[in-house]
Undergrad: 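One structure, pasted below without further comment.
As the structure is a prediction and not an experimental result, all values here were calculated from the model. This chain uses plain numbering: 1 for the first residue, then up along the sequence.
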Amino acid sequence: MFQDVEIRHGHFFCGLGGGGKGFNKARPVVGNKRAKFRCIGGIDVDAPGIRDFTKLTGVAGTVLDMFDLEQYIAFHGRTPPPDWRPATTADIHRAFNNEHPHIIFLSAPCKGFSGLLSQVKSLTDKYQALNRLTLRGIWMMLEAYKDDPVELIVFENVPRIATRGRHLLDQIMDLLRAYGYAVAETTHDCGELGGLGQSRKRFLLVARHIDKVPPFLYEPPKKSLRAVGDILGKMLLPGDERAGPMHRIPALQWKTWVRLAFVEAGSDWRSLNKLQVENGHLSEYLIMPQVHSGMLGVNKWEENVGTITSRSMPNNGNFAVADPRQELYSSGMGVVPWADHVGAVAGESMPSNGKYAVADPRKGDIEKTHKNVARVVEWGSHAGTVTSGHGPSSGGQSVADPRFNQSDKWKDGQAYGVHAWNEHTGAIPGQQSPGQGAYSVADPRRAEGRAAFSKYAVTPWLKNAGTVISGDDSGAYAVSDPRHGGPAKHSNEFRIVPWEKNAQAVTSAHGTGQAVADPRGDGPSFGKYKVTAFTGTAGTVISGSTTGEGAFAVADPRNGVNREKGDNYLTAGHYGVIDWKEHAGAVSAAAGHDNGRWSVGDPRSGATGTSAPSDVPENVPRLPALNQKIVCRIQALDGTWHRPFTTLELAALQSLVDPEEMLELDGLSDQAWRERIGNAVPPDAAQAIAEVMGTTLLLAWSGETFMLSAQPIWVQPLVIGLSVDQRGNPQ
């Protein structure tokens, strides 16, 4: 029987409550103690987000602006209204219902640190004010609970905060240490922690109060990333009204649907460069609407048929059926097995009108019952009767002769044959050219240095040469001279002098024989076309290099943004289509079909689309105008439907909703929903973090300072941060 131990958690910058929902699901166990997580509140400036937080976590959130006056003016560009005031520690206590939290989760706004924002824009006063919320939020939390410090603190943000926000992180870490915390920072992938259908890299700073929490914090077990199809395949088809408004398909311009259809799954808009466009038209493909619903359609045996009309013909609807009862029919061209009986013999028993053919197994009597046309008799068998017309096409008048390799028994048939050196040749006839028989020999004497077999041969240095004749280039008239490294007897073309050796005489025509093996390649003066490592320092930046010297290139590992000549976009992935079996990238706050890989190659048939207008006459196909916004389905080249993710599907990829359930967020705006979904902490990843933190707290409260575990301790910097007293006192 487990003893439940309550662990309370609160959330700063909580958003719609993804982190809080995930923490509530955690149930770690240590001995007979089982943790039961309870959310005591959340703080955010966004009122719709707080209403979502209340619904997802089961506890009321608080709308609270964490800006100070200077930050407010810098961000909004105006003074605050008369009723505005900066938040205080008393506001934080009220937001958490005056209860003490054991864990605080902070997910400060990341827009100013994100790579989606240009470096220039991130340095403006507006976004610098937003970035400083990280430091202010930590400071206010520490001040609010300085008399009873929070046991564990988790700070989460985008990875680029480690560079763009380095000065803020250094201040945060100094501040935490001053309040008695051991601190460490690292990165993690939410997708691997929660087993999500997306790869979501995040920055993580963890702090434990040294006096209250001595045990290790172990790393959450990593899971495999899931394919988007594993998640989306459990959901209702896009556009199904039973899934609610969040599952509606975006209405896109017709030309956008066409673009998506021609983007290869797993690629992006660059796939369109492969198309041949002439005068604005595709020269290789033709797009035609399906004017007639179900023309030549075949119904499944177990499904119902559509309405029967006055002209129910196969060529104007689904008026054919896949009938599995083939045994009830005449079976034209049917073949009866040898062991079965035949049906009734009718007046016209022909193969084309019934099962009037038989699978005859008696191939052993084939020479008695058939003409044996083009038949080949085995070597050990007898031939059939020799008739007057004994050609291969008139019976078994050919034989499989095994004597093909016995060249001494043949006078012909060995054109271009080559005899072994130790075998005799056949009879020499009047004409004995290689094309008429085995009149060539494999002569092994080429390696013996004979003059007749030494054309272009190279004589070893210690061997004698063959006879020197007057005018012949077919002998061994070259020598392998080992003296290349000795005195300068040769021109030494392409010779490289070792660094510690002396060079030869410098002549007026000093070509490529004057090179040196220079070990100083890492020096500042030897960097022509050099590529600097991403983690290394560059050489001095000068005003202009006319000779090409200088390490002015870098090995950039950030291949997520792969710009090429002719690219018109600042980031990669526009109009990108994800394969059904692949995982998605991190769901961002502005995920759209035209700003990243936010479309999917959906292989499921039957998804909702638009039908042709009822007033379209027969045989007059029409396509929408280029800028007409519609919902439609175009079958892509890979046979799937390339379409944008619905808002509900993005929420499912974030693990905010079970794929088989519905989700209703506050408001009616897809744009607002997507922003809150993209900013959310995935609940499944938060649950994985809460599990290991809960285990650590249960150990601490049980008086344990160590637990043997097969799981690795959470990354090396975190080992130091969470298990060693960084003031010098062992824990």
Undergrad: Any chance you could measure W139, atom CH2, to T89, atom OG1, to the nearest 0.5 Å?
TA: 8.0 Å
Undergrad: In Å and rounded to the nearest 0.5 Å, what is the OG1 to CD1 distance from T647 to I249?
TA: 11.5 Å
Undergrad: Nearest 0.5 angstrom please: N627 CG to Q253 CD, how far?
TA: 4.5 Å
Undergrad: From Y145 OH over to E151 CD, what is the distance, rounded to the nearest 0.5 angstrom?
TA: 11.5 Å
Undergrad: I'd like to know if the side chain of E143 and the backbone of M140 have a donor-acceptor N/O pair within less than 3.5 Å.
TA: no
Undergrad: Does the ring centre of F105 sit less than 6.0 Å away from the ring centre of F12?
TA: no
Undergrad: Just wondering, more than 12 heavy atoms not from K629 lying within 6.0 Å of its NZ?
TA: no
Undergrad: Should the pair Y127 and F75 be assigned to parallel (<30°), tilted (30 to 60°) or perpendicular (>60°) ring geometry?
TA: perpendicular
Undergrad: Before we go on, tell me: are the rings of H76 and W84 under 6.0 Å apart, centre to centre?
TA: no
Undergrad: Would you say the side-chain atoms of Q654 and Q198 include a donor-acceptor pair closer than 3.5 Å?
TA: yes
Undergrad: Go through the steps to decide whether D170 and H167 satisfy the test side-chain contact (heavy atoms from CB on, under 4.5 Å), and finish with yes or no.
TA: CA-CA 5 Å; D170 290 341; H167 62 293; 5.6 Å; no
Undergrad: My understanding is that only one of L175, L168, I104 makes a side-chain contact (heavy atoms from CB on, under 4.5 Å) with I138; could you say which?
TA: L175
Undergrad: Using a strict cut-off of less than 4.0 Å between a Lys/Arg side-chain nitrogen and an Asp/Glu carboxylate oxygen, indicate whether D670 and R248 qualify as a salt bridge.
TA: yes
Undergrad: Salt bridge (charged side-chain N to carboxylate O under 4.0 Å, His left out) for K25 and D684? Distances and angles first, verdict last.
TA: CA-CA 9 Å; K25 295 192 297 181; D684 286 358; 2.8 Å; yes
Undergrad: Provide the full list of salt bridge (charged side-chain N to carboxylate O under 4.0 Å, His left out) pairs with a residue in residues 41-55, sequence neighbours left out, each pair given once.
TA: R51-D666, D52-R676
Undergrad: Between E649 and R643, is the closest basic N to carboxylate O distance under 4.0 Å?
TA: yes
Undergrad: Provide the closest heavy-atom pair for L260 versus H642 in the form atom of the first, atom of the second, distance.
TA: O-ND1, 2.8 Å
Undergrad: Do E675 side-chain atoms and A672 backbone N/O form a donor-acceptor pair below 3.5 Å?
TA: no
Undergrad: Do you know which two heavy atoms are closest between A680 and L656, and how far apart they sit?
TA: CB-CD1, 4.2 Å
Undergrad: May I ask you to check whether over 12 heavy atoms, not counting those of D148, lie within 6.0 Å of atom CG?
TA: yes
Undergrad: Counting only N and O atoms by type, is there a donor-acceptor contact under 3.5 Å from the side chain of S267 to the main-chain atoms of V263?
TA: no
Undergrad: Locate the shortest heavy-atom distance separating L130 from K111; write the atom from each residue and the value.
TA: CD2-CB, 4.1 Å
Undergrad: So, do F23 and H11 have ring centers that fall under 6.0 Å from each other?
TA: yes
Undergrad: Taking atom CD1 of I231 and atom CZ of R226, what is their separation to the nearest 0.5 Å?
TA: 4.5 Å
Undergrad: Taking the side chain as every heavy atom from C-beta outward, state whether I43 and F96 have any atom pair closer than 4.5 Å.
TA: yes
Undergrad: Would the number of heavy atoms belonging to other residues, nucleotides or ligands and lying under 6.0 Å from CD of E664 be above 12?
TA: no
Undergrad: Working to the nearest 0.5 angstrom, can you tell me the gap between L196 CG and H583 NE2?
TA: 10.5 Å
Undergrad: Looking only at side-chain N and O atoms, does S107 offer a donor or acceptor that is under 3.5 Å from a partner on E156?
TA: yes
Undergrad: Please check if the side chain of H102 supplies one atom and the backbone of R8 the other of a donor-acceptor pair under 3.5 Å.
TA: yes
Undergrad: In this structure, are over 12 heavy atoms from other groups packed under 6.0 Å from E70 atom CD?
TA: no
Undergrad: What pair of heavy atoms forms the shortest contact from F53 to C39, and how long is it?
TA: CZ-SG, 3.7 Å
Undergrad: How close do N157 and C110 get, heavy atom to heavy atom, and via which atoms?
TA: OD1-CB, 3.1 Å
Undergrad: Without swapping roles, check the side chain of T54 against the backbone of G61 for a donor-acceptor pair under 3.5 Å.
TA: yes
Undergrad: Could you check whether H209 and Y179 have their ring centres less than 6.0 Å apart?
TA: no
Undergrad: Determine, for K36 against E6, whether the closest basic-nitrogen to carboxylate-oxygen distance falls under 4.0 angstrom.
TA: no
Undergrad: If I compare all heavy atoms of I689 with all of V692, which pair ends up nearest, and what's the gap?
TA: O-CG2, 3.1 Å
Undergrad: For residues 91-100, which residue pairs pass the salt bridge (charged side-chain N to carboxylate O under 4.0 Å, His left out) check, not counting sequence neighbours?
TA: R38-E99, R85-D91, D91-R94
Undergrad: Pairing donors with acceptors under 3.5 angstrom, does anything connect the side chains of H247 and T646?
TA: yes
